[in-house]
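Structure first, commentary second.
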Amino acid sequence: MTPGTPAADVGPLDLLVIQPTPFCNIDCTYCYLPDRQSRKQIAPEVLDLVFARVFEDGLVDGGFTVVWHAGEPLVLPPRFYEEAVELAARHNRQGARVTHALQTNATLIDADWCRFFREYRVHVGVSVDGPAFLHDRCRKTRSGQGTHARVVRGIETLHAHGIPFHVITVLTRTSLDYPDELYEFYKQYRISHVGLNVEEIEGPNVHSSLQEEDIRERFTRFLGRFHDLARSPAWPIQVRELDGARALIAEGGTSGPPRTHEVTPLAIISVDCEGNFSTFSPELLGLESVHYGDFSLGRVQDVSFRAALAAPKVRAIAADIAAGLERCRQTCAYFPYCGGGAPVNKYFENGSFDSTETLFCRLNKQVVLDVVLDKLERPGAPPSVPPPLARKAEHGPGSRLSLL
Amino acid sequence: MDLEAGYRFCNAPRFHAVRPWPERLRLGTGDAWRQPTDAELALLVAGQVGDDAWGRDVCVFAVPEHLRSLWWELVASSDAPPDAGPLARAFADFAQFKRMPLPPRCSFDVVLTPPGRPAAVGSFVAGVNLGDERTSLVLASPRQAADPSCPLLVRLDLEAGQGAWLPPGAVVASRRTSDRDVDVWLAIRGE
C-alpha cells in the first residue's frame, strides 16, 4: 500500500467526529448521548494524537470534515477550537482540504462565536425542532424549562453577523401534524437549509414516538406536504433528505448504490474526550453492547485507527455489519438508492448488525424516496396515500366574494 | 351566573393553542364583557380533545401565515375583487391534511367589512379571520343562564389567522369587527 492512500476496503476518512466534552447545558428527552453532565474535556495531547493518527494512517484522500459534537461544543471557549484547528493544520502536511463543523443547540452563540465561525470558516449546524410548542416538548433544560427563546436568540445572532448555518430538526410523532407550522418557523427565522432527523431508537433512547402502526402513512403525508411547502417561491428550503433523494433519482443508479460511510470501516471515525475511538455509525461510541462489550476499538494513546481493525472484536463487528449489508442488498428494493442501512439503528432496533429493515430506514430512506418519486411522477398532486377519512370533497364552484 | 351542559370550546385536534383561554373568551350580555372565572372556564373549555370534538365543540384553529398571505397576494394581483378560488383550494388542501371535516360540497366566501360597519353573520360551518385585526364571534352561550330572560353570550376573540369550526348547535349572534381596518372573513358553508 502506498503511504498516504487508503486501502481498497477501508476509508478514506470522510468524517472525523470529535467529542470535545460530553457535557451539554441542556437535557433533550430523546438524546442518546451518555454522561451529559460530565465536565471532562479532551486533553490537548489526545487531540494531537488524533490528528497525528489520521494523517499517519494514510486515511486521507482529498479531504475530510471534522465535526465537533456529542456534547454541546460551545460550552468550551472559542480559543479551544482555534487551537484545535491550528493543531489539525500542523499535521496536515499533505494539504488536504479539512473542514471544521459543529452542531450546536445555539443557546450559547454570541458575537465572539460568530467571529470564530467567520475567521475559521466553520460550518455551523443548529439543532432546533421548529416553533416553541414543538421544540420545547423535548429540548429542555435540566429543570424542565423550554429552550426555544434562547435558541432563536442564537439564530438571530448568527444572522446579525452574516454567518450561514443549516438546521437539524428532530421529528417526533407530534411534529408530523405540523408541516405548515414548521415551514412558517423556518421562514420566519430565514432558515433555508434543513435536515429532518426522525426520532431514533439508539442506546438509552429505547423507544421512539414514531413507533406506531400508522406511522408510515402519517410520515408520508407529512413529508409530501412539507415537500410542497419547501418548494414555495416565497421561501424555498433545501431539505437534505429530499434533495438527496432527488439527486439519487437523477443519477439513476448508474454508478451503483451510494457509498454509505456508516458501513465502511474508517470512513467515519468517532473519538471521545478520553481518546476512545470507534468507526461505522458515530452514535456507537459510548454505548454498551451485550454482544461486543462496547463499541470502542481502542484508544488513540494505545493504537492507531488502522491497526485497531485487526482486533477480534472489531473483526466481529465489521463482519456482522457486512453481513447485514449483504442481506439488505439481497432483499431490499431500495438498496440501489440507499446502499445499506445505518448499523446503529439495526443494532438497537433489531438487536443485531446482521439484520435489515429498521424504523429509521423505513422513514428516512423508503418514505423519502417514495415521496420524491411520487412528486416527480405526479407534480401538484397530494402524495399517493389513502386519506385517513374516506371522504370525497368537492369544493367548487362556490368560491364567492362578498362585499359589504 | 349558572352555566349548565352544552357545547364547549377547545383547541381543534392537531392544532396548538396560540393564546390561553382567559385571553380568548369573554362572557356578557353584548354591551359589557368580562373575563370568565376559573369555574366558568372549567365548564366552557374542554381539555385535549380527539376527532370527536369536530361537530360537537367549537374548535378553534389557526391557519398558517402563508395561507393568510395568499389572500392578500390575490388582492394585490388584481384591480377587481379577486377570485377566491386559489384560496379555497389552498384551504381545502390544508384542511384535508389536518383532517378537518370539510363537507363533501361546500362554498368559500370571503366577506369584507369596512371598519366600523356591522358584520354579516349568516350560517357557516367554519370561519377564518384573514384580516390583520381581531374579529370576534359572539355566540349564544352553550349553557343557559339561570334566568332565561337574560341570555348569556360568549365572545370568542380570533386574532389574525385564527378560525373556529362550529358544531351544529352553536348559534352565532353577531360578529364584532375592528374599527381600525377592513375585516376579512373567510366563511365556509356546507351545501
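Protein chains get the first letters and strands the later ones, always in sequence-line order, with residue 1 at the start of each. From a predicted model like this one, the values you see are computed outputs, not experimental measurements.
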Atom [atom1] of [X] and atom [atom2] of [Y]: how far apart are they, to the nearest 0.5 Å?
X         : Y         : atom1 : atom2 : result
Leu67(B)  : Asp180(A) : CG    : CG    : 7.5 Å
Tyr178(A) : Phe97(B)  : OH    : CZ    : 10.0 Å
His66(B)  : Lys187(A) : NE2   : NZ    : 8.0 Å

Residue part contacting chain A, namely of Phe94(B), when any heavy atom lies under 4.5 Å: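 Phe94(B) touches chain A through backbone and side-chain heavy atoms alike.
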Asp51(B), part contacting chain A, at a heavy-atom distance under 4.5 Å: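 For Asp51(B), neither part sits under 4.5 Å from chain A.
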Any chance [atom1] of [X] has more than 12 other-residue heavy atoms, nucleotides or ligands included, within less than 6.0 Å?
X         : atom1 : answer
Asp38(B)  : CG    : no
Arg137(A) : CZ    : no
Arg180(B) : CZ    : no

Electrostatic pair Glu181(A):Lys98(B) at N-O distance under 4.0 angstrom: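 A salt bridge links Glu181(A) with Lys98(B).
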Beyond-backbone contact of Arg99(B) with Asp177(A), side-chain heavy atoms, under 4.5 angstrom: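 Side-chain contact under 4.5 Å: yes.
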Proximity breakdown for Leu134(A) and chain B, heavy-atom pairs closer than 4.5 Å: neither
